[in-house]
Amino acid sequence: MPQHDAEDVDDSQPVVGWDERRVAEVHLDDTGQVTYLALDSSWPEIVSADELGAGIIEAYGAALTVLNEQAVAALENEQREPLPPVVPKVQALRERAERRRAEAGSGPDGHAKTASPADGGPDGHADAEERLEAARQLVDVSRAARQQSEAFGQRMISVRQEKHVHESPDRSVTLTSTYGVPVEFTIDEKWANRRTEDLVSVLIALIDEATDSRRRTDEAIASDFPEIVALVSAGGRS
């Protein structure tokens, strides 16, 4: 198969996918981005323009499947680091409660300490009120965190379902993507009489446009949910 560079090939080992008829070859980097696309120059003799579009998607999907399998295998072998606290205020309140429990522990003689004015008075009412207020704050922060998590989940469901259409300047090639992932190519039959190299350039430009659309979406989500996005990134999930 004659190979037509989408861009300079990286020295690292790419993840490669082909369609069943081997008219399309797609390379992905470890983030799932297309780094190389090749078409058999004799594709008009093998498939129609519609079948070529489906073949490119098939090759992309094959490469993506391999990449996902590699990611799962790496995750199984990886020693996961503890995740940082999502809400610093929660951690601060927990540390404060732990210090108070330690201070309220046994005295030097091994007996439990009795309340004193320094501890909030003989009956301990002031200290109890303070603990109750700390508990209320924890509940409020936890509720807010849960609401943010639910809103983030709904946002991600929405962006993963939303379809974007990207067209070449002459509208002879159309790419439909969801969250930056190509799901359909529509190619005009007139490309059967044109240079394959030119078609590859158009295809790559549309794929890059879809990738840029996902980047802008990710930036908007990171701006709206900074703490959750930071947690997901620390956990190595996407």
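Note that the numbering runs from 1 along the sequence shown for the chain. Note: hydrogens, waters and symmetry copies are ignored here, and every other heavy atom, side chains too, is used.
V183 is not connected to F185 by any chain of hydrophobic side-chain contacts under 4.5 Å among Ile, Leu, Val, Met, Phe, Trp and Tyr, and they are in different clusters.
Across every non-hydrogen atom of A24 and A59, the tightest pair is O-CB, 3.7 Å. Contact detail for R21 and E51: the closest heavy-atom pair is NH1-OE1, 3.6 Å. Across L67 and T31, no two heavy atoms sit closer than the pair CD2-C, 4.4 Å. Closest heavy-atom contact between P182 and G180: CD-O, 3.5 Å. When all heavy atoms are compared, the tightest approach of E189 to A49 is OE2-N, 3.5 Å.
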Show the atom names and distances, to 0.1 Å, of all donor-acceptor pairs under 3.5 Å that link a side chain in residues 145-159 to residues at least two apart or in another chain.
{"unit_1": "R155", "atom_1": "NH1", "unit_2": "D224", "atom_2": "OD2", "d": "3.0"}
{"unit_1": "R155", "atom_1": "NH2", "unit_2": "D224", "atom_2": "OD2", "d": "3.1"}

Pair up each side-chain donor or acceptor in residues 165-175 with any protein partner under 3.5 Å, not counting sequence neighbours, and list the distances.
{"unit_1": "H166", "atom_1": "ND1", "unit_2": "E209", "atom_2": "OE2", "d": "3.0"}
{"unit_1": "H166", "atom_1": "NE2", "unit_2": "S177", "atom_2": "OG", "d": "2.9"}
{"unit_1": "S168", "atom_1": "OG", "unit_2": "D170", "atom_2": "OD1", "d": "2.8"}
{"unit_1": "S168", "atom_1": "OG", "unit_2": "R171", "atom_2": "N", "d": "3.3"}
{"unit_1": "S168", "atom_1": "OG", "unit_2": "S172", "atom_2": "N", "d": "3.1"}
{"unit_1": "S168", "atom_1": "OG", "unit_2": "V173", "atom_2": "N", "d": "3.1"}
{"unit_1": "S168", "atom_1": "OG", "unit_2": "V173", "atom_2": "O", "d": "3.4"}
{"unit_1": "D170", "atom_1": "OD1", "unit_2": "S172", "atom_2": "N", "d": "3.0"}
{"unit_1": "D170", "atom_1": "OD1", "unit_2": "S172", "atom_2": "OG", "d": "2.7"}
{"unit_1": "D170", "atom_1": "OD2", "unit_2": "S172", "atom_2": "OG", "d": "3.1"}
{"unit_1": "S172", "atom_1": "OG", "unit_2": "W191", "atom_2": "NE1", "d": "2.9"}

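Within the model, atoms CD1 of I56 and CD of E25 stand 12.5 Å from one another, a figure rounded to the nearest 0.5 Å. In this structure, CD in Q161 is found 13.5 Å from OH in Y179, a value given to the nearest 0.5 Å. Interatomic distance, D50 CG to I187 CD1, rounded to the nearest 0.5 Å: 8.5 Å. If you take NE2 on H27 and CD on Q13, they are separated by 10.0 Å, rounding to the nearest 0.5 Å. Remark: W43 CH2 to T196 OG1 distance equals 7.0 Å, nearest 0.5 Å. Between atom CD of residue Q70 and atom OG1 of residue T65 there is a gap of 11.5 Å, rounded to the nearest 0.5 Å.
Using a 4.0 Å cut-off between charged side-chain N and carboxylate O, K163 and E184 make no salt bridge. In summary, R216 and D212 engage in a salt bridge, as defined by a charged side-chain N under 4.0 Å from a carboxylate O.
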Exercise. Take R143 and D140 through the test side chain to side chain contact (heavy atoms under 4.5 Å, CB included) and record every step on the way to the result.
Key: CA-CA 5 Å; R143 182 183 296 113; D140 290 342; 3.2 Å; yes

Quiz prompt | Stepwise salt bridge (Lys or Arg N to Asp or Glu O under 4.0 Å) test for D218 and R215 | solution = CA-CA 5 Å; D218 285 342; R215 178 188 58 77; over 6 Å; no

Self-check item: Pair I207-Y60, side chain to side chain contact (heavy atoms under 4.5 Å, CB included): steps then yes or no
Solution: CA-CA 11 Å; I207 291 172; Y60 176 86; over 6 Å; no

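Between V47 and D19 there is no side-chain heavy-atom pair separated by less than 4.5 Å.
Heavy-atom contacts from other residues, nucleotides or ligands closer than 6.0 Å to CD of E219 number more than 12. Around the CD atom of E45, the shell of radius 6.0 Å holds no more than 12 heavy atoms that belong to other residues, nucleotides or ligands.
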